[in-house]
Amino acid sequence: MKTDDSHSWFIIVKTILAKYNLPSALYLLDSQIQKLKWKTMVNKEVSKYWKHFIEGHCKLYPSLKYLNSQYIPGKTHVLVNLSASNSMQEAMRIPVKLRIATGSYILMADRTRHSKNKGLLATCPLCQTSDETLEHFFLLCPALSNQRKSILSNIQLIHEKLSIQFKHNGSEVDLIQVIIDSSTIGLLEPSCDNSILMDIEFQSRRLCFLLHTSRSRILNDIDRTSS
């Protein structure tokens with residue numbers, strides 16, 4: 001008799017069936033389920049498992065607080081959705097946006113929080129006026145004001161219109177949240193026009209990428225000057 005820690009093919013099948021809450025192999029042999037019915041059952045249970053797994057684990061990580069974790073099996077998340085036009089440019093911008101949305105884009109406030117170096121400061125290296133947080137990076141840093149001005153004004157205009165609409169429903173939407181993951185707006189206001197969400201996503205990708213490249217260029221200039 002094989003034990004559950006065995007690498008036997010039969011034990012692996014048994015483990016997978018149990019993991020996804022599917023009928024046992026013996027039951028399947030006896031009942032002779034039709035192929036289409038079995039395929040539908042597997043897709044449903046596997047999707048249900050991963051939906052609960054992803055949504056449950058996202059809540060455990062503070063770095064994912066801006067990410068819409070409402071997983072819809074078979075549907076592409078708005079953060080990685082490519083439009084037919086300008087797909088090459090969009091594909092270049094997506095990785096930066098994803099790093100910000102998943103908390104892996106490291107600003108000085110993050111570096112200080114995770115560093116063992118007690119002397120490391122969270123001060124923004126670009127302007128030296130405040131801690132480099134997401135809010136500072138997106139909205140306040142004077143060193144990036146020229147780069148963000150036109151794009152941010154477009155996003156703020158849409159945000160103001162949405163805020164007026166949401167107040168009637170007792171909801172609020174944070175500007176940083178809108179920039180990082182606009183799909184959360186759809187959760188607060190399901191009737192919101194999808195074209196508005198896609199417009200925000202397009203503008204926010206441009207903003208994230210432009211701020212990132214500008215920040216990198218300024219940091220490189222600082223390094224060259226100091227060396």
Side-chain angles (χ1 to χ4, degrees), residues 54-55 57-70 77-81 90 92-118 120-163 166 171-188 196-223:
I54 292 171
E55 292 178 357
H57 277 69
C58 279
K59 296 175 183 178
L60 303 177
Y61 298 94
S63 60
L64 301 179
K65 66 179 181 179
Y66 291 112
L67 181 67
N68 174 15
S69 62
Q70 297 295 310
H77 196 287
V78 67
L79 290 178
V80 293
N81 192 27
E90 290 291 284
M92 290 176 60
R93 294 167 179 162
I94 285 175
V96 175
K97 185 84 181 291
L98 281 178
R99 287 172 58 197
I100 294 172
T102 55
S104 56
Y105 190 87
I106 307 301
L107 299 172
M108 286 308 299
D110 307 304
R111 194 178 301 279
T112 303
R113 189 163 54 249
H114 300 298
S115 175
K116 295 180 180 180
N117 181 1
K118 301 300 180 182
L120 187 65
L121 300 177
T123 306
C124 175
L126 309 186
C127 66
Q128 301 289 328
T129 61
S130 182
D131 287 355
E132 191 184 33
T133 60
L134 276 175
E135 182 181 15
H136 179 81
F137 175 66
F138 279 126
L139 309 176
L140 304 173
C141 182
L144 300 172
S145 59
N146 290 334
Q147 289 83 354
R148 76 164 66 88
K149 188 175 181 181
S150 59
I151 303 176
L152 185 60
S153 62
N154 291 335
I155 297 174
Q156 286 175 320
L157 184 62
I158 300 172
H159 174 253
E160 288 171 4
K161 291 180 180 178
L162 288 173
S163 295
F166 283 10
S171 303
E172 292 184 8
V173 58
D174 178 60
L175 179 58
I176 300 295
Q177 177 68 73
V178 168
I179 294 172
I180 295 177
D181 187 356
S182 63
S183 67
T184 53
I185 297 172
L187 299 178
L188 294 172
I196 295 176
L197 303 184
M198 294 310 299
D199 185 27
I200 295 174
E201 180 60 26
F202 173 71
Q203 299 289 352
S204 64
R205 283 179 188 172
R206 291 178 60 213
L207 178 65
C208 291
F209 188 74
L210 182 58
L211 293 180
H212 162 69
T213 53
S214 300
R215 178 180 185 269
S216 299
R217 186 177 63 252
I218 294 172
L219 289 177
N220 287 335
D221 290 343
I222 293 172
D223 288 341

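Listed by chain and residue number, Glu135, Leu152, Leu175, Ile176, Ile179 satisfy the side chain to side chain contact (heavy atoms under 4.5 Å, CB included) test with Leu139 (two or more places apart in sequence, or in another chain). In this structure, the side chain to side chain donor-acceptor pair (under 3.5 Å) partners of Glu55, at least two apart in sequence or on a different chain, are Lys51. Shown here are the side chain to side chain contact (heavy atoms under 4.5 Å, CB included) partners of Asn154, two or more places apart in sequence or in another chain: Gln203. With sequence neighbours excluded, the residues satisfying ring-ring contact (aromatic ring centres under 6.0 Å, His included) with Tyr105 are Phe137, His212. By the side chain to side chain donor-acceptor pair (under 3.5 Å) test, Ser216 is found to be paired with no residue, residues two or more places apart in sequence or in another chain being considered. With sequence neighbours excluded, the residues satisfying salt bridge (charged side-chain N to carboxylate O under 4.0 Å, His left out) with Arg113 are Asp110. Partners of Thr102 by side chain to side chain donor-acceptor pair (under 3.5 Å), not counting sequence neighbours, listed by chain and number: Ser104. A search for side chain to side chain donor-acceptor pair (under 3.5 Å) contacts involving Asn220 returns nothing, not counting sequence neighbours. Among residues two or more places apart in sequence or in another chain, the side chain to side chain contact (heavy atoms under 4.5 Å, CB included) test is passed with Ile54 by Cys58, Tyr71. Every residue two or more places apart in sequence or in another chain that forms a ring-ring contact (aromatic ring centres under 6.0 Å, His included) with His57 is listed here: Phe53.
Side-chain contact check for Cys127 versus Pro142: some heavy-atom pair is nearer than 4.5 Å. For the pair Glu90 and Phe209, the minimum side-chain heavy-atom distance is 4.5 Å or more.
For the pair Ile180 and Lys97, the tightest heavy-atom approach, listed with the atom from each and the gap, is O-CE, 2.9 Å.
Legend: side chain to side chain donor-acceptor pair (under 3.5 Å) pairs involving residues 136-149, not counting sequence neighbours: none detected. Residue pairs meeting the salt bridge (charged side-chain N to carboxylate O under 4.0 Å, His left out) criterion with at least one partner in residues 123-133, sequence neighbours excluded, are Glu132-Arg215.
Judged by distance alone, with hydrogens and angles left aside, the side-chain atoms of Asp181 form a donor-acceptor pair with the main-chain N or O of Asn68 at under 3.5 Å.
Taking CD from Gln70 and OG from Ser183, the interatomic distance works out to 9.5 Å, rounded to the nearest 0.5 Å. Here the CD1-CG distance, from Ile100 to Leu207, works out to 8.0 Å after rounding to the nearest 0.5 Å. Taking CZ from Arg205 and CG from Leu98, the interatomic distance works out to 8.5 Å, rounded to the nearest 0.5 Å.
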